[in-house]
Amino acid sequence: MPAIPSPLLYGTGAVLALALAGWSSADALSRSARASAPEFARKVAPWNAASLGTQGAAVLMRTEDPTASRRARAIAAAAIRRGDLSASTLRTAALAESAVGNGDRAARLIGLAQRLSRRDLLTQIWYIEHYSAAGDVRRTLDHYEIALTTSRSALQLLYPVLVGAAADPALTPEIGKFMLRNRGRPWWQPMMGALIGESTDPRAAAQIARIALKPGPGEDRALVKTAIARLVAVQAFDEASRLYAGMARGNAKAPDSVGDGGFERDPALPPFDWELAEDGNVRSQRGPAPAGREGNVLWIDADGGVRTVVVSQLLKLAPGAHQLSAVVGATGDGEDSHLLFAMRCAVGESADQLIDVTPSASAVRTVRGSYTVPAGCAWQRLSVQVSGAHVGTWIDDIRLR
C-alpha cells in the first residue's frame, strides 16, 4: 500500500519556521517550494509560507543554514525550562529534535504534545507525515480525522491533499472508507463535495461515491448526480450506468429501455432518468394529465424559434431496428409547431433520426416510428425536441421495443 501524500512539503527549516512563527492561515501556505518534497507527496497542491511572521520567515529563507535546527532546539529548550509545557512548545521541540536526527526523542515529545492537546494542528500534521512516510494509510487518515475535527483551519489546508490523493487507485478505496466512517462530521459535506467534484479522475470520484454515499433519495442525491455527470462527460457510460444502478436501487431502469415513459415521477438521476433541458424560450414540467387521461404527462410551452431539446434520456439499445410509440396532444394550436422524437449515437457526430409530428388541440395522436441502431453505436441518446410555438403541448407514454 503506497503512503498517503503528506502536506509537509517544506524542508526541515520550513517546518521549523511554522513551529516557531505559529500557525498561519491555509491560504497563506498556498505556494510553498516543492524541491524538498518526498516523492510520494508530489501529487499534493503546492503551499507557500511567504506570509509567516518575521522570525519564521527568516528561518524559512535559510533552509540550508545548519544553525537553524540548533537555534530552534535552544528556543524550545529555554521555553521548557521556563515551565512552558504547552502542546505547541513540545511540538516545536519535537520538530527541532527530528531535524537533527533524534527521531526517538522527537516521537516522545510529539506524543506528549498530543496527550496535552489533540487540537494542535501542527502536531497532527507531524503524525500525518510520520505515518505516511511509514506507509500506514489507516493511521495517517486517523490523524486527518483528528485534524479536521479539532481545527477550523484544517479543512482548507488538507482538502487539496485528499483530493489529489483520491486519484491514486491504491488510495481511492481507503479514502472512500475514511469518508464513510466520518459521515456526520461538520467537515464531511465540503470534503465530500471536493472529492466528488474536484478529483482529477472522475472514475475515482465514482468509486468514492459508491463507498461513502447513501443510495436512494436523500441528502446525497446531488453528489451522486455530480459523480454520474462527470463520468458521462468523459463518455464512461458503462461505469456511469453501474453507479446509477447502485444508487437508484429499486427505481433504476434497465439501460435498454425507456424509463418512466409516462412521466409519473420526478427524474432522479439523469441522464439515465429523464433530463429536462432548461431554456428561456421553452418551459417543460411534469403535471397532471388532461381530462380523459390518468396520471401525469410532460407539459411543454414554447415561444417559438430554433429547434430545442426539451427532454432526453441515455439508452443502451442493441444494434438493429427499434419501434417507438408515444401519445401527444395540446390544449392550443401553436404557430408552425413541431414535436420531434430524435435518436442519435451518444458518441460521435451522427445525425438525428427524427420522427416529426404536429401536436393539435383538436385530436390526441399516437406517434409511431422506427429507429435503426448501427453497429458500433453502444450508447444512444433519445430526445424530444420542439420547434415553433407550442401552447400546452403534452407528451405521454413513450415506449421503445
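In this chain, numbering begins with 1 at the start of the sequence shown.
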Exercise. Hey, mind stepping through Leu223 and Gln189 against side chain to side chain contact (heavy atoms under 4.5 Å, CB included) and telling me if it holds?
Worked result: CA-CA 10 Å; Leu223 290 169; Gln189 193 72 32; 3.8 Å; yes
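- For Arg185 and Glu145, the salt-bridge test passes: some basic side-chain N is under 4.0 Å from an acidic carboxylate O.
- In this view, Phe341 satisfies the ring-ring contact (aromatic ring centres under 6.0 Å, His included) rule with no residue, not counting sequence neighbours.
- In this structure the side chain of Leu243 reaches within 4.5 angstrom of the side chain of Leu231, judged on heavy atoms.
- For the residue pair Ile208 and Ala166, the shortest heavy atom distance occurs at CD1-CB, 3.8 Å.
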Exercise. Step by step, would you call Leu339 with Thr393 a side chain to side chain contact (heavy atoms under 4.5 Å, CB included)?
Worked result: CA-CA 9 Å; Leu339 198 61; Thr393 294; 4.2 Å; yes
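- A salt bridge links Glu219 to Arg183: at least one charged side-chain nitrogen sits closer than 4.0 Å to a carboxylate oxygen.
- Considering only heavy atoms from C-beta on, Ser325 stays 4.5 Å or farther from Val367 through its side chain.
- The two atoms that bring Val297 and Ala289 nearest to each other are CG1-CB, 3.7 Å, heavy atoms only.
- The aromatic rings of Tyr127 and His130 sit perpendicular to each other, their planes meeting at more than 60°, with 30° as the lower class boundary.
- Leu314 places a side-chain heavy atom less than 4.5 Å from the side chain of Trp379.
- For the residue pair Arg118 and Thr150, the shortest heavy atom distance occurs at O-OG1, 3.2 Å.
- Expressed to the nearest 0.5 Å, how far CH2 of Trp299 lies from CH2 of Trp394 amounts to 7.5 Å.
- For Arg210, the CZ atom sits in a packed shell: over 12 heavy atoms of surrounding residues, nucleotides or ligands are nearer than 6.0 Å.
- Checked by atom type and distance alone, the side chain of Trp274 pairs as donor or acceptor with a backbone atom of Asp260 at under 3.5 Å.
- A 4.5 Å side-chain heavy-atom check between Leu121 and Ser153 finds at least one atom pair inside the cut-off.
- Heavy atoms only, all atoms of each residue included: Asp201 and Ala167 are closest at CB-CB, 4.2 Å.
- With hydrogens and angles ignored, the 3.5 Å screen pairs a side-chain donor or acceptor of Asp220 with a backbone N or O of Lys214.
- At a threshold of 4.0 Å, the pair Lys253-Asp273 does not count as salt-bridged, since none of the basic side-chain nitrogens sits closer than that to a carboxylate oxygen.
- Nearest heavy atoms, Ala227 versus Ala209: CB-CB, 4.2 Å.
- For the pairing with Ser383, the side chain to side chain donor-acceptor pair (under 3.5 Å) check across Gln385, Gln380, Arg381 returns one residue only, Gln385.
- Here the side chain of Trp188 pairs a donor or acceptor atom with the backbone of Met179 at under 3.5 angstrom.
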For this session: Quick one: do Leu382 and Leu400 satisfy side chain to side chain contact (heavy atoms under 4.5 Å, CB included)? Show the steps, please.
Result: CA-CA 10 Å; Leu382 172 68; Leu400 268 173; 4.3 Å; yes
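- Between the side chain of Tyr144 and the main chain of Gln124, no donor-acceptor pair closer than 3.5 Å is present.
- Separating the NE2 atom in His338 from the OG atom in Ser387 is a distance of 5.0 Å, to the nearest 0.5 Å.
- For Arg152, the CZ atom sits in a loose shell: 12 or fewer heavy atoms of surrounding residues, nucleotides or ligands are nearer than 6.0 Å.
- At distances below 3.5 Å, not a single donor-acceptor pair connects side-chain atoms of Arg399 with backbone N or O atoms of Gly261.
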Exercise. Could you walk me through whether Leu315 and Phe272 pass the side chain to side chain contact (heavy atoms under 4.5 Å, CB included) check?
Worked result: CA-CA 7 Å; Leu315 303 173; Phe272 300 97; over 6 Å; no
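- Listed for the Thr123 side chain is no donor-acceptor partner under 3.5 Å among the backbone atoms of Ala113.
- Here the CD1 atom belonging to Ile128 is positioned 10.5 Å from the CG atom belonging to Leu122, to the nearest 0.5 angstrom.
- Remark: side-chain polar atoms of Gln313 are paired, donor with acceptor, to backbone N or O of Gly259 under 3.5 angstrom.
- Atom CZ of Arg221 has more than 12 heavy atoms from other residues, nucleotides or ligands within 6.0 Å.
- A salt bridge links Glu239 with Arg203: at least one charged nitrogen is closer than 4.0 Å to a carboxylate oxygen.
- The line from CD of Glu174 to CG of Leu162 is 12.5 Å long, rounded to the nearest 0.5 Å.
- Panel note: side chain Ser350, backbone Cys345; a donor-acceptor pair is recorded below 3.5 Å.
- To the nearest 0.5 angstrom, Leu298 atom CG is 5.5 Å from Ser284 atom OG.
- Between the side chain of Arg286 and the main chain of Arg265, a donor-acceptor pair closer than 3.5 Å is present.
- Using a 4.5 Å heavy-atom threshold, the side chains of Pro270 and Lys225 count as touching.
- Under a 4.0 Å N-O distance rule, the pair Asp142/Arg138 qualifies as a salt bridge.
- Side-chain contact between Gln285 and Leu276 is absent, with no heavy-atom pair separated by less than 4.5 Å.
- Using a 4.5 Å cut-off on side-chain heavy atoms (C-beta onward), Leu148 and Tyr159 make no contact.
- Looking only at distances, no side-chain donor or acceptor of Arg307 sits under 3.5 Å from a matching main-chain atom of Leu340.
- Considering all non-hydrogen atoms of both residues, His322 and Ala318 come closest at NE2-O, 2.7 Å.
- A donor-acceptor pair shorter than 3.5 Å cannot be found between the side chains of His390 and Asp301.
- For Trp187 and Phe178, the ring centers are positioned less than 6.0 Å apart.
- Atom CZ of Arg108 and atom CG of Leu90 lie 12.5 Å apart (nearest 0.5 Å).
- Proximity of Ile211 to Lys177: side-chain heavy atoms (C-beta onward) are separated by under 4.5 Å at one or more points.
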